[in-house]
S.K.: 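Have a look at this one.
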Number of protein chains: 2
Amino acid sequence: MSMNSPALRSFLDVPPDADFPIQNLPYGVFSPRAGEPARVGVAIGDHVLDLSVLEAAGLLVCPGREAPAVFAQPALNVFMAAGPAAWRAVRARLIELLSADTPTLRDDAALRSRALVPRAQVQMHLPCVIGDYTDFYAGIHHAMNVGRIFRGPDAALMPNYRWIPIGYHGRSSSIVVSGTEVRRPCGQYKLPDEPAPRFGATRELDIELELGVLVGVGNTLGEPIAVERAAEHIFGLVLLNDWSARDIQQWEYQPLGPFLGKNFATTISPWVVTLDALEPFRCSLPTQEPPPLEYLKGPGLCGYDIALEVELTPAGDKPGAVIARTSARELYWSLAQLVAHHTVNGCNLRPGDLLGTGTISGAAPGSYGSLLELAQRGKTPVALPDGSQRTFLRDGDVVTLRGWSQGADYRVSFGECRGRVLPARGGS
Amino acid sequence: MSMNSPALRSFLDVPPDADFPIQNLPYGVFSPRAGEPARVGVAIGDHVLDLSVLEAAGLLVCPGREAPAVFAQPALNVFMAAGPAAWRAVRARLIELLSADTPTLRDDAALRSRALVPRAQVQMHLPCVIGDYTDFYAGIHHAMNVGRIFRGPDAALMPNYRWIPIGYHGRSSSIVVSGTEVRRPCGQYKLPDEPAPRFGATRELDIELELGVLVGVGNTLGEPIAVERAAEHIFGLVLLNDWSARDIQQWEYQPLGPFLGKNFATTISPWVVTLDALEPFRCSLPTQEPPPLEYLKGPGLCGYDIALEVELTPAGDKPGAVIARTSARELYWSLAQLVAHHTVNGCNLRPGDLLGTGTISGAAPGSYGSLLELAQRGKTPVALPDGSQRTFLRDGDVVTLRGWSQGADYRVSFGECRGRVLPARGGS
C-alpha cells in the first residue's frame with residue numbers, strides 16, 4: 001500500500017476531518033508538559049508520538065544516523081540533514097508502527113502510554129534551529145496588489161518579477177512558534193502631509209499569509225542546487241505569518257528593502273508537513289510567461305493544492321471571522337524554483353533554513369493574504385461579526401492561519417499558526 | 001596605568017608599527033596548527049596567546065562564567081554574552097599577564113611555550129557563530145555615489161537617509177573568514193539595450209569596504225536597547241568585505257533590496273578589536289542635520305578614527321596597489337545609533353550577531369570603498385602598477401582590506417581582511 005493511500009488506517013481513531021491522520025504525520029518538537037525537555041514527535045490524531053521513546057526502545061532508527069540522539073533532540077536539524085531516503089524510511093516505519101495491522105505499539109500498553117502523549121497537554125517549540133530566513137515574493141497577485149497601493153497602477157509589477165523569484169533576507173532571531181504573543185512595534189513613519197517623520201507605535205500592523213519551506217539537506221558554498229534536484233532539499237512546509245508594520249515599511253524600504261517593518265516577529269506553525277505527505281496534492285503551476293531562463297526550467301515542477309485561510313478574532317473572545325480564503329496554487333513560482341534561484345550564485349543553504357513563499361493572495365477580493373490588500377490600505381474596511389471593522393490589526397486581535405490539503409476521506413493539515421497582538425510598550 | 005596607556009609594554013618585543021601591541025589585544029578563534037581543535041586567543045605581536053591554556057592553568061577566569069569552558073571553545077559567543085564588566089576584567093588581566101613587569105608568564109618557559117603560539121603557524125577561524133547578519137548603509141558618501149550611478153543625480157540620496165540608519169538583512173551562512181577564496185557568482189543580469197535578462201557569470205564583481213560590529217550582549221524580543229546603553233552591547237569590530245555583483249544586484253533589487261548580488265560571500269577579518277582598545281580613538285560624528293529623532297539622540301555618541309585602505313593585487317603575484325584610502329570618521333551614523341535603531345521595534349539581537357556599517361567612502365575620488373565608485377561604473381578605470389586597468393574585479397585578483405588607529409607610538413590595528421577571486425563555475 002502506498003504511503004499516501006486513503007485506505008491506510010491507524011489503530012488510533014482519527015476522524016476523516018481531523019488534521020493529523022496517518023497519511024500526514026508532520027514532525028514537530030515538543031515537551032510532553034511545559035518545561036520538560038524537548039524532543040521530536042509526529043502528530044497523529046489527538047496525540048503526539050514521541051520519537052525519542054521509540055528510538056530509545058530500539059524501534060526506530062534513522063538510516064545513516066545510527067547515533068542514538070537523532071530524535072532525543074530539541075530541534076529537527078539532525079534529522080533534516082539526513083536526506084530524503086532517510087526521511088522516507090522513517091516515514092514508512094512510522095506508518096507501519098501506527099497502522100491498525102501492526103501489534104508492536106498497538107498491543108503494548110506500557111509503551112503506548114510512554115510514546116503517545118495527548119496533544120492537548122504538550123508544549124510546542126520551534127521545529128528547528130533556523131540559521132537563515134529568506135522571504136520570497138512568489139505570490140503574484142499580492143505583488144501586484146501591493147505594488148498598486150505603494151507605487152500606483154503603472155509600476156505595480158516590477159519588470160523583473162516574471163524573470164526572477166524575487167526574495168530578500170529576513171530575520172532569524174525573531175521567528176517564534178505559534179501561540180507566542182506579538183508586541184506592536186514602534187518605529188519611524190511619515191504621514192503624507194507632514195514634512196518630517198514621527199516616532200510611535202505602528203498604526204498599520206498587518207499580517208501576511210505565507211507558507212514556509214524548511215530546508216533539509218543544504219549545499220556547499222559555491223555549489224548551486226539544480227532545479228531538478230531542488231525538491232530533494234526540502235524537508236517540509238509550515239504556515240508562516242510575516243507580521244508587517246506597513247507605515248514603518250513604507251518609509252524605510254527604499255533603497256534596500258524592508259527591515260524594521262518586518263523583523264519584530266515572524267510566526268510559524270509547529271508541525272512540519274513533509275513533501276512526501278503532500279505528494280498527492282501536487283498540481284500544475286500557473287503559466288510562466290515569458291518562459292523562465294534555463295536554470296529555472298525543469299521537468300516535474302509543480303505547485304501544491306493547499307487551501308489557506310486567515311481568521312481574525314477580536315480581544316475578549318468576541319466572535320471571529322475568516323477574513324480571507326485562498327490557495328497555495330496561486331504562487332507564481334514553484335518551491336523548487338525558489339531553491340534553485342537562491343543557490344544559483346553559490347549561496348549555501350543549511351539544514352533548518354527557512355524560505356517564506358511571500359504572501360499568498362488570489363485574484364479576487366476576499367482571497368487576499370494581508371489586511372493591506374483586503375482593506376485597500378483603509379479604503380474598504382473588513383467587517384467583523386461583533387460589528388467592528390478592521391483596516392489594520394487592533395491590540396488584542398488574535399490572528400489564526402490555517403492550511404490543509406483535502407484527500408478522498410482524509411486531510412493533510414498544517415494545524416494552526418496563531419498569534420495575539422500585545423499593545424506597544426508604553427501603550428499604543 | 002590606564003589600559004590604553006602608550007606607556008604599557010609587554011615582555012614580548014612588539015615594534016611601534018606592529019598590528020598587535022599590548023594596547024590592542026584583539027580576540028580571535030584559532031587552531032595552533034591547521035586541523036587542531038579551535039580555541040580563543042588574543043593576538044600579541046607575532047604571537048597568539050592561547051586563552052584556553054591560561055584558563056586551564058587557573059590563570060584566567062571570566063567573571064560570572066566560572067564554567068571552565070569559556071575560552072576552550074571554537075567560538076567567542078560565550079565570552080561575548082558575558083558583558084562589558086567581564087570583558088574589561090579579562091582585558092585587564094591579560095594586560096597584566098603580558099606586561100613587562102609581571103613574572104607569571106614572562107618567567108615560566110614551559111607555560112610560555114604552551115600559551116604563546118607563533119602567529120605565522122596558526123589557522124584562523126570565524127570568531128563566533130553569527131546568528132543574524134545585518135548590513136547598514138551608514139556611509140553617506142557611498143550612498144550618494146551609488147544613488148547617483150544607479151538612479152541619477154536627482155534621486156541620489158533617498159528622503160529617508162538622514163532620518164533612518166538604513167539597513168537590511170544579509171546572509172549569515174556565506175560569511176567566511178579572511179583568506180577564504182571567493183568564487184565569482186553567476187546570476188541574472190540585464191543589459192540596458194536588450195529586452196530580456198541573460199544568465200551568466202557576473203561582469204561586475206565588486207568589493208565593499210566596511211567595518212563589522214559584533215554584538216556582545218543581546219536583548220530580549222520586544223525590549224529595545226536605548227541609544228545611551230547601546231555601546232555596552234558591542235563586543236568589538238572587524239573589517240568586512242561585502243562582495244557584490246553589481247549587474248545582478250541592479251536587476252534584482254527592486255522592490256525588496258539586494259539578494260543574490262550580495263549573498264554569495266561576505267569576508268570578515270579574524271581578529272575582533274574591542275571598543276575598549278578603540279576608546280582613545282573616539283572622535284566626533286559628522287553633523288547630523290536634520291537632528292535625529294529622540295530615540296537616536298544621546299550623550300557621548302561618537303565616531304572612531306580608524307584609517308582604512310583597500311589593496312588590489314592582480315593574479316600571478318604582480319605588484320598590487322592601494323586603490324582607496326579613507327576613514328571610519330566618514331560614517332554618518334554612530335555604531336550606537338545603528339544598535340538603537342535596529343532594536344527600537346523590539347527586534348532581538350543575539351551574542352555574535354554581525355552588523356555591517358555599509359561601505360565607507362570619503363568625499364573625494366581615491367577615498368571610495370568600492371570599484372563601482374572608484375571607476376564610476378566603468379567610466380574611469382583604476383590603473384594598476386602592472387599596466388592593467390580595473391573597472392571591476394578580474395579572476396585571480398586578491399583584495400586586501402586594512403584598518404588601524406594610530407596612537408602616540410603604537411597602533412591598534414585590525415590586521416587584514418583578504419580574499420582571492422576564483423573563476424566562475426564552468427569558467428567566466
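Chain identifiers are assigned alphabetically (A, B, ...) following the order of the sequence lines, protein sequences preceding nucleic acid strands; residue numbering begins at 1 within each chain.
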S.K.: Looking at chain B, which one of A:Arg183, A:Glu223, A:Lys190 has the largest number of heavy-atom pairs inside 4.5 Å, strictly under?
M.R.: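 Option with the top pair count is A:Glu223.
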S.K.: Given a strict heavy-atom distance threshold of 4.5 Å, which part of B:Arg198 is in contact with chain A: side chain, backbone, both, or neither?
M.R.: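 Looking at B:Arg198, just its backbone touches chain A.
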S.K.: Rounded to the nearest 0.5 Å, what separation is found between the CD1 atom of A:Ile130 and the CG atom of B:Asp132?
M.R.: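 Taking CD1 in A:Ile130 and CG in B:Asp132, the distance rounds to 10.5 Å.
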S.K.: Is it the backbone or the side chain of B:Glu294 that comes under 4.5 Å from a heavy atom of chain A, or both, or neither?
M.R.: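 For B:Glu294, there is no contact with chain A at all, as no heavy atom is under 4.5 Å.
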S.K.: Are there more than 12 heavy atoms of other residues, nucleotides or ligands under 6.0 Å from atom CZ of B:Arg377?
M.R.: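 Yes, because the 6.0 Å sphere around CZ of B:Arg377 holds more than 12 heavy atoms from other groups.
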S.K.: When rounded to the nearest 0.5 angstrom, what distance separates CG in A:Leu221 from CD in B:Glu181?
M.R.: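 Here the interatomic distance stands at 12.0 Å.
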S.K.: Short question: side chain of B:Asn345, backbone of A:Gly187 - any donor-acceptor pair under 3.5 Å?
M.R.: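 No: the side chain of B:Asn345 does not pair with the backbone of A:Gly187.
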S.K.: Is B:Ser173 reaching over with its side chain to a backbone N or O of A:Asn348, donor-acceptor style, under 3.5 angstrom?
M.R.: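 Yes.
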S.K.: So what's closer than 4.5 Å to chain A heavy atoms on B:Ala143: side chain, backbone, both or neither?
M.R.: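 Contact with chain A: none, neither part.
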S.K.: Is there a donor-acceptor contact under 3.5 Å from the side chain of B:Gln254 to the main chain of A:Met158?
M.R.: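 No: the side chain of B:Gln254 does not pair with the backbone of A:Met158.
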S.K.: Side chain, backbone, both or neither: which part of A:Val182 has a non-hydrogen atom closer than 4.5 Å to chain B?
M.R.: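 Neither part; nothing is under 4.5 Å.
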S.K.: Do the rings of A:Phe136 and B:Phe259 sit parallel, tilted or perpendicular, given the 30° and 60° boundaries?
M.R.: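 Perpendicular, since the angle between the ring planes exceeds 60°.
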S.K.: Please classify the contact of B:Leu296 with chain A as side chain, backbone, both or neither, using a heavy-atom distance under 4.5 Å.
M.R.: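 The side chain, not the backbone.
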S.K.: Quick check on B:Tyr295 against chain A: is it the side chain, the backbone, both or neither that has a heavy atom closer than 4.5 Å?
M.R.: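 Contact with chain A: side chain only.
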S.K.: Do you know which of B:Ile248, B:Asn160, B:Asp353 has the most heavy-atom pairs under 4.5 Å to chain A?
M.R.: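 Counting heavy-atom pairs under 4.5 Å, the top option is B:Asn160.
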S.K.: Counting only non-hydrogen atoms closer than 4.5 Å, does B:Val129 touch chain A with its backbone (N, CA, C, O), its side chain (CB onward), both, or neither?
M.R.: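 For B:Val129, neither part sits under 4.5 Å from chain A.
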S.K.: With respect to chain A, which residue among B:Pro258, B:Gly170, B:Pro185 yields the maximal number of heavy-atom pairs within a distance under 4.5 Å?
M.R.: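 The candidate making the most pairs under 4.5 Å is B:Gly170.
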S.K.: How close do B:Ile166 and A:Glu252 get, counting heavy atoms only, and between which atoms?
M.R.: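 Closest heavy-atom pair between B:Ile166 and A:Glu252: CD1-O, 3.7 Å.
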S.K.: Quick check: closest heavy atoms across B:Pro159 and A:Trp251, and the distance to 0.1 Å?
M.R.: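 What the structure gives for the nearest pair is O-CH2, 3.7 Å.
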S.K.: Tell me, out of B:Phe199, B:Trp163, B:Phe264, B:Tyr137, who's got the most heavy-atom pairs with chain A below 4.5 Å.
M.R.: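 If we count pairs closer than 4.5 Å to chain A, B:Trp163 comes out on top.
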S.K.: If you take all heavy atoms of B:Arg350 and A:Ser172, which pair is closest and at what distance?
M.R.: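 Nearest pair, atom of B:Arg350 first, then A:Ser172: NH2-CB, 3.8 Å.
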S.K.: For a quick test of reading the model, state the closest non-hydrogen atom pair linking A:Arg425 to B:Gly222 and the distance between them.
M.R.: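 Shortest heavy-atom separation between A:Arg425 and B:Gly222 comes out as CD-O, 3.1 Å.
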S.K.: Just by modelled atom types, is the A:Thr134 backbone N or O under 3.5 Å from a matching donor or acceptor in the B:Arg171 side chain?
M.R.: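 No, the answer is negative, given that no donor and acceptor are paired below the 3.5 Å cut-off.
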S.K.: To the nearest 0.5 Å, what is the distance between NE2 (B:His342) and CG (A:Leu260)?
M.R.: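 Nearest 0.5 Å value for the NE2-CG distance: 7.5 Å.
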S.K.: Does any heavy atom of chain B fall under 4.5 Å from the side chain of A:Leu293, the backbone, both, or neither of them?
M.R.: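 Contact with chain B: side chain only.
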S.K.: So B:Tyr168 and A:Tyr168, ring pair (Phe, Tyr, Trp, His ring centres under 6.0 Å) or not? Walk me through it.
M.R.: CA-CA 9 Å; B:Tyr168 69 109; A:Tyr168 70 109; 9.8 Å; no
S.K.: Please report the shortest heavy-atom distance between A:Asn263 and B:His169, naming the atom on each side.
M.R.: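 In this case the closest contact between A:Asn263 and B:His169 is ND2-NE2, 3.2 Å.
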S.K.: Closest approach of B:Pro255 and A:Tyr253, non-hydrogen atoms and distance?
M.R.: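 For B:Pro255 and A:Tyr253, the tightest heavy-atom pair comes out as O-CD1, 3.5 Å.
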S.K.: Among B:Gly346, B:Gly131, B:Pro224, B:Pro290, who wins on heavy-atom pairs under 4.5 Å with chain A?
M.R.: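 The option with the most such pairs is B:Pro224.
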S.K.: Which atoms of A:Ala265 come close to chain B, meaning under 4.5 Å heavy atom to heavy atom: side chain ones, backbone ones, both, or neither?
M.R.: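 Neither part; nothing is under 4.5 Å.
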S.K.: Is B:Ile164 close to chain A through its backbone or its side chain, or both, or neither, when contacts mean heavy atoms under 4.5 Å?
M.R.: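 Interface part for B:Ile164: both.
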